[in-house]
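Written out below as structure tokens is the structure these notes cover.
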Number of protein chains: 2
Amino acid sequence: MGVQKTIKALSDPIRREILELLKAGRLPAGEISNHFPVSGAAISKHLSILREADLIRDTREGKYIYYELNTSVLEEVMLWISGLKGEKHD
Amino acid sequence: MGVQKTIKALSDPIRREILELLKAGRLPAGEISNHFPVSGAAISKHLSILREADLIRDTREGKYIYYELNTSVLEEVMLWISGLKGEKHD
DNA sequence: CTTTCATTTAACCTTTTGGTTAAATATAGT
DNA sequence: ACTATATTTAACCAAAAGGTTAAATGAAAG
């Protein structure tokens with residue numbers, strides 16, 4: 001919980017790319033992995049960091065584990081940034 | 001340049017606290033340093049990372065170096081996040 | 001021009017991060 | 001039960017991050 005875990009998760013470029021991939025829709029881990037020049041194990045760790053931060057959710061379906069984006073936790077980050085900018089929000 | 005450097009700079013809690021401090025107005029390095037339980041050298045390094053990311057600007061005034069917040073680069077981060085959330089923006 | 005104060009830089013150390021390969025786990029198909 | 005496929009976990013490693021203390025720099029004051 002908290003903005004710390006969220007921003008930390010966002011601070012790696014591969015993890016941000018994963019989120020961008022998932023913007024288009026849910027994907028199994030293997031599909032995600034294919035998009036990057038690192039091992040499946042490395043991607044699996046990135047996924048678990050994103051999941052810990054609740055930026056993604058996973059559901060097993062047979063052999064595959066599908067990942068999908070969860071943007072709700074980004075709200076907190078937006079608010080923190082807005083706060084810095086001295087913006088009013090309702 | 002780029003959202004990467006900005007988010008990386010934001011990913012440390014001390015650096016975020018520094019930005020929050022500066023929200024209230026410009027402060028010399030020493031004043032900033034006083035708020036944290038780490039050495040001045042450590043704070044100096046944090047300041048240089050924030051400066052590299054253009055999240056703060058510094059101006060020397062006599063013996064002191066004043067730091068002030070620059071929120072303009074946060075716009076890009078907001079846009080990136082909004083993009084993930086699939087939001088329309090003008 | 002030397003001393004003092006504010007700050008940064010250098011050298012160093014420990015922990016964290018992100019990667020690898022190999023082994024483990026889970027499910028499906030034969 | 002065995003085999004193949006998808007994914008994670010374990011063990012390990014190199015590089016990056018964040019901290020420390022000590023030395024260097026810059027400006028002001030004696």
Side-chain angles (χ1 to χ4, degrees), chain A residues 1-22 24-70 77, chain B residues 1-22 24-70 77:
Chain A
M1 329 275 190
V3 96
Q4 173 60 31
K5 197 172 269 181
T6 312
I7 296 187
K8 206 77 190 309
L10 293 177
S11 76
D12 179 87
I14 290 190
R15 287 196 291 268
R16 282 203 312 284
E17 273 195 69
I18 290 174
L19 297 179
E20 277 168 359
L21 267 180
L22 293 177
R26 63 209 298 271
L27 287 175
E31 278 293 306
I32 297 172
S33 189
N34 287 338
H35 288 77
F36 301 95
V38 295
S39 70
I43 295 300
S44 182
K45 283 207 275 183
H46 282 305
L47 290 172
S48 88
I49 287 166
L50 290 169
R51 185 180 30 207
E52 269 278 311
D54 200 27
L55 279 161
I56 57 177
R57 305 259 169 82
D58 63 326
T59 49
R60 172 144 233 152
E61 255 163 59
K63 255 197 321 191
Y64 303 91
I65 298 178
Y66 281 87
Y67 283 93
E68 67 187 323
L69 190 55
N70 171 41
V77 178
Chain B
M1 336 263 192
V3 95
Q4 173 61 30
K5 198 173 268 182
T6 312
I7 297 188
K8 205 77 191 309
L10 293 177
S11 77
D12 180 87
I14 288 190
R15 288 195 291 268
R16 283 203 313 284
E17 274 195 69
I18 290 174
L19 297 179
E20 278 168 359
L21 267 179
L22 294 177
R26 63 209 297 272
L27 286 175
E31 279 292 306
I32 297 172
S33 188
N34 288 338
H35 287 78
F36 301 95
V38 295
S39 70
I43 295 300
S44 183
K45 283 206 277 183
H46 282 305
L47 289 171
S48 89
I49 288 166
L50 289 169
R51 185 181 29 205
E52 269 278 311
D54 200 29
L55 279 160
I56 57 177
R57 305 261 169 79
D58 63 326
T59 50
R60 172 145 232 150
E61 256 163 61
K63 258 201 311 196
Y64 304 90
I65 299 177
Y66 281 86
Y67 283 94
E68 67 185 324
L69 190 54
N70 171 40
V77 178

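Below, chains carry the letters A, B, ... as their sequence lines are ordered, and counting in each starts from 1. Worth saying up front: this structure is predicted, and the values here are computed from it rather than measured. Every heavy atom of this structure was used, including side-chain atoms; hydrogens, water molecules and symmetry mates were not.
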Checklist entry - In terms of the nearest nucleotide of DNA chain C, which residue is placed more toward the 5' end: A:Gly62 or A:Ile49? => result A:Ile49
Item to check | d(CD, A:Glu52; P, C:dT16) in whole Å | outcome: 15 Å
Checklist outcome for this item: Whole-Å distance, A:Ile14 CD1 to C:dT20 C1', equals 13 Å
Item to check | Atom-to-atom span, CZ of B:Phe36 to P of D:dT20 - whole angstrom | outcome: 13 Å
Item to check | N or O in side chain of B:His46 less than 4.0 angstrom from D:dG19 OP1/OP2 | outcome: yes
Item to check | Nearest-nucleotide comparison on DNA chain D, the residue closer to the 5′ end among A:Asp58 and B:Ser39 | outcome: A:Asp58
Checklist entry - Does B:Ser44 have a side-chain nitrogen or oxygen under 4.0 Å from the phosphate oxygens OP1 or OP2 of C:dT7? => result no
Item to check | Separation of C:dT17 C1' from A:Asp12 CG (nearest whole Å) | outcome: 9 Å
Next on the checklist: Quick one: does any side-chain atom of A:Asn70 pair with a main-chain N or O of A:Asp54 as donor and acceptor, under 3.5 Å?
Outcome noted: yes
Checklist entry - How long is the line joining OH of B:Tyr66 and P of D:dA27, in whole Å? => result 15 Å
Checklist outcome for this item: From CG of A:Leu27 across to P of D:dA6 the rounded distance in Å is 14 Å
Item to check | Spacing between B:Glu31 atom CD and C:dA6 atom P, to the nearest angstrom | outcome: 10 Å
Checklist entry - Does the side chain of A:Arg15 get closer than 4.0 angstrom to OP1 or OP2 of C:dG18 through an N or O atom? => result yes
Next on the checklist: Categorize B:Ala42 for me: base, sugar-phosphate, or nothing, with a 4.0 angstrom heavy-atom threshold over every strand shown.
Outcome noted: base
Next on the checklist: I'd like to know if the side chain of A:Ser11 reaches the main chain of A:Lys8, judged simply by a donor and an acceptor atom lying under 3.5 Å from each other, with no hydrogens or angles considered.
Outcome noted: yes
Item to check | Distance test, side-chain N/O of B:Lys8 to OP1/OP2 of D:dA17, below 4.0 Å | outcome: yes
Next on the checklist: For A:Leu55 and A:Leu10: C-alpha separation, side-chain torsions, deciding distance, then whether side-chain contact (heavy atoms from CB on, under 4.5 Å) applies.
Outcome noted: CA-CA 9 Å; A:Leu55 279 161; A:Leu10 293 177; 3.9 Å; yes
Item to check | Full working for side-chain contact (heavy atoms from CB on, under 4.5 Å) between B:Thr6 and B:Gln4 | outcome: CA-CA 5 Å; B:Thr6 312; B:Gln4 173 61 30; over 6 Å; no
Checklist entry - Pick from A:Arg51, A:Arg57, A:Glu31, A:Arg26: which one makes a side chain to side chain donor-acceptor pair (under 3.5 Å) with A:Tyr67? => result A:Arg51
Item to check | Residue met sooner reading DNA chain C from 5', once B:Arg51 and A:Val38 are mapped to nucleotides | outcome: B:Arg51
Checklist entry - Is any N or O donor-acceptor pair between the side chain of A:Lys45 and the base of C:dG19 shorter than 3.5 Å? => result yes
Checklist entry - What integer distance in Å separates A:Glu61:CD from C:dA26:C1'? => result 15 Å
Checklist outcome for this item: Assert: residue with more 5' nearest nucleotide on DNA chain D, out of A:Lys63 and A:Ala41, is A:Lys63
Checklist entry - Are any of A:Tyr67's side-chain N or O atoms less than 4.0 Å away from OP1 or OP2 of D:dT8? => result yes
Checklist entry - Counting any heavy atom closer than 4.0 Å, what does A:Ile43 reach on the DNA or RNA strands: base, sugar-phosphate only, or nothing? => result nothing
